[in-house]
Amino acid sequence: MPELPEVEVVRRGLADHVVGRRITAASFTGARVARRHIPGPVDLAHRITGLEVTQARRRGKYLWLVLSEDGHPVHGLIAHLGMSGQLLVEPADAPDEKHLHARFTFADGDPELRFVDQRTFGGFALDDLADDGVPHQIRHIAPDPFEPVYDQAAVVRRIKASDSAIKRMILHQGVVSGIGNIYADEALWRARVHGERPSSSLTKPTIARVLEHAREVMAAALVQGGTSFDALYVNVNGASGYFDRSLHAYGQEGRPCARCGTPIRREQFMNRSSFSCPQCQTRPRVRRRAG
DNA sequence: CGCTAGACCTGACGGC
DNA sequence: TGCCGTCAGGTCTAGC
């Protein structure tokens, strides 16, 4: 569910409500929520107990809490929200949620931090931090468009060199991170490019425009607290964003394109739905084949 | 190497 | 009312 803007809203909540506090206990309700931590949930809980949260960081859709001892960073507690994960800051006496999977308590008492995840595609892992402060386990995730180390010219070159569809490339978290199905469709609509166009057939300025639109639409969504269609996506206080009102393509099947009035179409691509304007975003003429 | 399909889960919704 | 199929914001991997 959550893409970069929604995850950034959560990161800011963690920065406001969790950074600066010392963990006194952690519990995980099962192995699945800690499946990325090979030694298991008990080891994970044991190893973070007593450490202080000194930073809340994010790359793309991945979050991590920098955990320190005596002021020195020792670990990164990686969190991914998957499709339905929520990190909630709540009083300890709030009733347990149906899909509560983790609980963290702190030396200064209330509030505690909870991880609630209906589908448990999300979860936690503990890892060391590399020299640049990024946990080793997410080294394969490329910088997102809001990071200082993001090199758009390099991303454009890499995409231009690929014969893959442009939508596949901007969804590829190893090329550029943070973009998911919603913002991919919105960026492509804004750039008037059909997602199945082979990347190599696009000019570098066009590829750059797609990426710039992706960054802009995510920045606009962030201002509005992210995109939420229902109660599944919320910030750490349980509140929803309202960028869904500003979507032009995603989920808009049959509604008139805001530019030309043509009904937005829905197609299957990469085993998921894609939304686009048939008039503004013409399909590639031929599906190229090797040979 | 790149791509596809499938797996991992639960719940909401529409049709019958 | 229930049953069944479909769909959902993500990621990972087995197998071509």
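Quick caveat, the model's predicted, so the values are computed rather than measured. In what follows, chains carry the letters A, B, and so on, assigned in the order in which the sequence lines appear, proteins first and then strands, with residues in each chain numbered from 1. Scope of the values below: all heavy atoms of this structure, side chains included, with no hydrogens, waters or symmetry mates.
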| said: On DNA chain B, does the nearest nucleotide to H99(A) precede the nearest nucleotide to R32(A) from the 5' side, or the other way round? Give the residue. | reply: R32(A)
| Within this structure, what is the CD-to-P distance between E6(A) and dG9(C), rounded to whole angstrom? | 12 Å
| query | Considering only dT11(C), dT10(B), dG9(C), which nucleotide approaches the side chain of Y250(A) most closely? | reply | dG9(C)
| message | Measure CE/M270(A) against P/dG2(B) and give the value in whole Å, please. | response | 13 Å
| task | Using a strict cut-off of less than 4.0 Å between a Lys/Arg side-chain nitrogen and an Asp/Glu carboxylate oxygen, indicate whether E186(A) and R190(A) qualify as a salt bridge. | result | no
| Side-chain heavy atoms under 4.5 angstrom apart, residues restricted to Ile, Leu, Val, Met, Phe, Trp, Tyr: same cluster for V155(A) and V217(A)? | yes
| query | Mind checking who dT6(C) pairs with, Watson-Crick or G-U wobble, both distances under 3.5 Å? | reply | dA12(B)
| said: Looking only at the side chain of R119(A) (C-beta and beyond, no hydrogens), which of the listed nucleotides dG9(C), dT11(C), dC9(B) gets closest? | reply: dC9(B)
| What integer number of Å spans the C1' atoms of dC3(C) and dC8(B)? | 24 Å
| request: For R272(A) and for R266(A), find the nucleotide of DNA chain C with the closest heavy atom, then tell me which residue's nucleotide is more 5'. | output: R266(A)
| Between dT13(C) (C1') and H172(A) (NE2): distance, integer Å | 13 Å
| query | Given the P atoms of dT13(C) and dC9(B), what is the spacing between them in whole Å? | reply | 15 Å
| d(CZ, R158(A); P, dC1(B)) in whole Å | 11 Å
| field | Protein-nucleotide distance (L63(A), atom CG; dG10(C), atom C1'), rounded to Å | value | 14 Å
| task | With C1' as the reference atom in both, quote the distance from dG10(C) to dC1(B) in angstrom, rounded to an integer. | result | 23 Å
| Is there aromatic stacking of F121(A) against dC8(B), centre distance under 5.5 Å, plane angle under 30°? | yes
| remark: Taking a pair to mean Watson-Crick or G-U wobble geometry with both distances below 3.5 Å, dT13(C) pairs with dA5(B)
| Taking the six-membered ring of W64(A), is the NZ or CZ of R11(A) close enough (under 6.0 Å from the centre) and on axis enough (within 45°)? | no
| message | Do Y150(A) and Q152(A) pair up side chain to side chain, a donor and an acceptor below 3.5 Å, judged on atom types alone? | response | yes
